2 protein chains.
Amino acid sequence: MDLHDLNLQAPPPGGAQRGGSGIPGGRRKQRVSMADVAKLAGVSSQTVSRVSNGHPGVFGGTREQVLAAMRTLGYRPNSAARALRYGQFNTIGVILFSLASTGNSRTVEAIATQAAAEGYGITLIPIDVPTQDNVLGAFTRMGELAVDAVIVIMEIHLLDSGRVTLPPGVHVVVVDSDAGDRYSVVDTDQAEGARLAVRHLLALGHQTVWHLTGPHSSFASQRRAEAWRRTLREAGRPVPPVLHGDWSADSGYAAGLALAEEPGCTAVFAANDQMALGLLRAFHEHGRAVPEDISVVGFDDIPDSSCFIPPLTTVHQDFAEVGRRCVQGVLRQIREGGEARPGTDLVPTRLVTRASTAPPGR
Amino acid sequence: MDLHDLNLQAPPPGGAQRGGSGIPGGRRKQRVSMADVAKLAGVSSQTVSRVSNGHPGVFGGTREQVLAAMRTLGYRPNSAARALRYGQFNTIGVILFSLASTGNSRTVEAIATQAAAEGYGITLIPIDVPTQDNVLGAFTRMGELAVDAVIVIMEIHLLDSGRVTLPPGVHVVVVDSDAGDRYSVVDTDQAEGARLAVRHLLALGHQTVWHLTGPHSSFASQRRAEAWRRTLREAGRPVPPVLHGDWSADSGYAAGLALAEEPGCTAVFAANDQMALGLLRAFHEHGRAVPEDISVVGFDDIPDSSCFIPPLTTVHQDFAEVGRRCVQGVLRQIREGGEARPGTDLVPTRLVTRASTAPPGR
DNA sequence: CGGCGCGATGTTCACGTGAACAATGCCTGG
DNA sequence: CCAGGCATTGTTCACGTGAACATCGCGCCG
């Protein structure tokens with residue numbers, strides 16, 4: 001196969017420029033249509049359509065002729081016409097704030113891969129700055145875009161807090177939200193992950209565990225903090241004050257500088273691996289050995305975390321599975337034609353134990 | 001604004017189910033069309049079209065009436081019909097191997113943002129495993145997808161090496177390739193970046209610089225290695241054997257284990273920050289102090305690199321600018337209607353000096 | 001005072017596809 | 001030998017939009 005066959009915009013090789021038809025000086029007709037193929041193959045356009053869609057009931061010889069004509073002209077079905085005919089686009093819209101975070105980009109990748117396997121494309125609708133206006137703009141644009149359903153990767157309460165709610169009839173799946181009572185939500189089991197991290201540290205013998213959260217606006221961050229607190233309470237341990245970060249390594253570093261001065265702190269649970277990296281640096285620079293003096297656990301299990309110094313104990317998130325379930329969720333909605341079924345679908349996590357945790361030194 | 005207005009798939013609030021028309025038991029008509037709005041507003045559908053597109057020559061009162069009807073019914077223009085009418089989709093396809101690498105995901109994000117600003121959406125076409133078959137499949141799918149142009153983020157020679165070439169008439173911009181003689185290529189100035197890194201190390205007094213490359217299939221990796229070699233030669237320095245990695249931190253760690261045994265090695269240039277992280281870990285575990293015993297320079301300037309131990313000196317890539325120029329390039333092609341103008345558009349780099357480099361200890 | 005021009009609105013049609021129905025021709029059973 | 005049936009192919013039309021052209025009515029100018 002030669003990609004020249006693709007012929008996205010190029011005129012057909014033979015230069016078959018439909019001369020006679022309407023359009024005087026305007027836009028030239030660029031694409032090859034079924035009618036062109038039909039004319040060359042000496043059949044009706046309906047027969048071309050049948051061949052194109054693999055329908056039965058076309059004589060073998062005729063089929064060959066049509067296929068040959070298609071190849072000669074470089075015919076590609078026009079998906080706009082198809083979408084118009086069928087009333088759907090085979091496309092899923094994905095709305096998100098940023099691809100910069102590991103979690104988002106890996107989820108999106110999994111969504112794209114899974115969607116492709118199901119014959120769907122995905123259209124990305126990024127919101128660079130999460131202002132109310134930008135969110136609204138994105139949703140408006142989404143309404144105009146050719147999508148059959150939408151996956152929202154963000155804190156839905158950012159929407160609810162404003163004058164915005166998702167339309168009830170739209171096929172939507174949401175990630176990173178607690179709106180399971182109203183929407184179909186797929187997410188990593190944040191609480192379980194946090195529990196695993198805290199219990200691991202307590203089991204090692206630490207009296208308590210400090211916590212470095214992500215931004216307050218993140219639902220995932222809230223969930224992790226909440227589960228951390230509850231797990232400590234359930235174990236009857238004191239709950240140290242929460243440190244606040246913004247997911248970035250630098251914010252982790254800043255928090256680490258403060259934490260390095262806390263003599264009683266022997267264990268920290270960071271809400272993601274980047275911030276854990278910042279903690280490691282801060283502790284290193286302040287002569288607090290990890291894990292001898294202080295243990296650190298992260299969240300996400302980004303590939304780099306195995307090469308942190310020391311290699312990081314962290315909670316593994318299965319982003320691929322999250323993406324897969326998102327796509328399955330919206331496709332179910334599309335195919336069953338029903339409303340979005342509220343409910344939360346939690347993907348389990350697991351703890352990856354490496355070298356950044358150990359029993360307390362003293 | 002209430003997102004209920006969006007009405008992607010939901011029937012109009014009033015339940016205006018077009019009863020009489022064709023379609024007996026088949027698919028129900030779900031969306032609101034111009035005709036529905038026209039009927040409610042008591043005008044012709046053409047007038048609705050004019051209002052919808054902001055054309056002049058509609059009486060103020062009529063316009064208000066139409067807008068009111070649109071709002072009542074929750075009208076959204078059907079983009080499939082528009083695309084069919086106009087012959088274009090306002091969508092750019094992006095083909096890539098993986099979103100997992102920092103560079104790719106940030107480039108894609110920039111592309112999406114810039115495209116959105118220009119009124120275009122982007123459709124992601126991922127290729128999970130870069131086999132010839134998968135690549136071909138992606139291009140075929142792309143041919144069927146509703147895109148006006150394509151941005152390819154990968155090593156184009158992977159295509160050329162097979163029986164695949166990009167169609168000459170298609171609007172294409174390529175990233176990570178040297179095919180500037182045939183395609184319109186946008187890329188970071190890899191050679192300049194590598195030169196900056198090597199010269200920085202030589203200027204510090206190192207006799208020579210070792211190099212850890214990325215995968216052989218990556219053009220960026222080849223370019224960096226090539227520039228590294230040439231810069232050393234130009235300075236009359238010996239060229240040490242090349243170490244091979246695969247962009248991952250773990251591969252950097254493996255290379256670092258080997259390198260730690262090289263007594264003469266005082267400076268390493270890693271082809272990306274992840275591998276540099278692996279080097280740092282290996283050197284740390286083998287008691288080779290960075291930067292006292294050995295200096296390390298990375299490439300990319302990922303946000304985390306400022307919190308490596310020690311903070312990494314690295315070459316900053318402006319991914320956002322690359323994305324921006326990709327979109328501009330592709331839009332220029334679409335708007336001018338011409339062929340892809342071959343040529344290479346290089347985005348400059350800059351060296352970010354942190355704590356992982358110093359004059360050689362001895 | 002009548003015709004002309006122009007602004008506002010309506011009508012028609014094509015974009016490319018594919019479902020529904022119609023037509024054609026060949027084969028088989030009575 | 002003819003009718004009926006089936007396999008194959010053709011014809012018509014609608015999907016929703018918007019350009020091109022047609023029409024209508026009003027005001028202005030000669």
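Because the structure is a prediction, the values reported are computed rather than measured.
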Report task. Just jot down the side chain to side chain donor-acceptor pair (under 3.5 Å) partners of B/T123, sequence neighbours excluded, or say none. Result -> A/T123
Query raised in the report: Any donor and acceptor pair, going by atom type alone, linking the side chain of B/D148 with main-chain N or O of B/T91 inside 3.5 Å?
Result: yes
Report task. Establish, with yes or no, whether the OP1 or OP2 oxygen of C/dG16 is under 4.0 angstrom from a side-chain nitrogen or oxygen of A/S45. Result -> no
**Report entry** Length of the CD-P vector between A/Q88 and C/dT17, whole Å
**Finding:** 17 Å
Query - Counterpart residues, side-chain contact (heavy atoms from CB on, under 4.5 Å), relative to B/A110 (two or more places apart) - result: B/A320
Query - B/R63 CZ - C/dG7 C1' separation (whole Å) - result: 14 Å
**Report entry** Sequence-distant partners of A/S52, side chain to side chain donor-acceptor pair (under 3.5 Å), two or more places apart
**Finding:** A/R82
Requested in this report: Provide the full list of salt bridge (charged side-chain N to carboxylate O under 4.0 Å, His left out) pairs with a residue in residues 113-124 of chain B, sequence neighbours left out, each pair given once.
Outcome: B/E118-B/R335
**Report entry** Atom pair distance, as rounded to whole Å: CG in B/L84 and P in D/dT17
**Finding:** 11 Å
**Report entry** Whole-Å distance separating the NZ atom of A/K39 from the P atom of C/dG16
**Finding:** 12 Å
Query raised in the report: Does A/D345 have any side chain to side chain donor-acceptor pair (under 3.5 Å) partners at least two apart in sequence or in another chain, and if so, which?
Result: A/R325
Report task. Taking the side chain as every heavy atom from C-beta outward, state whether B/I334 and B/Q88 have any atom pair closer than 4.5 Å. Result -> yes
Query raised in the report: B/Q65 has an atom CD; how far is it from atom P of C/dG10, in whole Å?
Result: 10 Å
Requested in this report: Select one nucleotide: of C/dG16, C/dG10, D/dG16, the one nearest the side-chain heavy atoms of B/N78.
Outcome: D/dG16
Query - Value in whole Å for how far the P atom of D/dT17 lies from CZ of B/F89 - result: 16 Å
Report summary line: Note: contacts of residues 46-59 of chain A with DNA chain D (heavy atom, under 4.0 Å) are A/Q46, A/T47, A/R50, A/G57, A/V58, A/F59
Requested in this report: State which residues pass side-chain contact (heavy atoms from CB on, under 4.5 Å) with A/T47; sequence neighbours excluded, sorted by chain then number.
Outcome: A/V43, A/S44, A/R50, A/V58, A/T62, A/V66
Query raised in the report: In degrees, rounded to 10°, what is the bend between the two ends of the helix from C/dC1-D/dG30 to C/dG30-D/dC1, using five pairs at each?
Result: 60°
Query - Between D/dA14 (C1') and B/M34 (CE): distance, integer Å - result: 15 Å
Query raised in the report: Taking only N and O in the side chain of A/R85, is any of them less than 4.0 Å away from OP1 or OP2 of C/dA19?
Result: no
Report task. Check whether any side-chain heavy atom of B/V186 sits under 4.5 Å from a side-chain heavy atom of B/V174, and report yes or no. Result -> no
Query raised in the report: How close or far is atom C1' of D/dG16 from atom OH of B/Y86, stated in whole angstroms?
Result: 12 Å
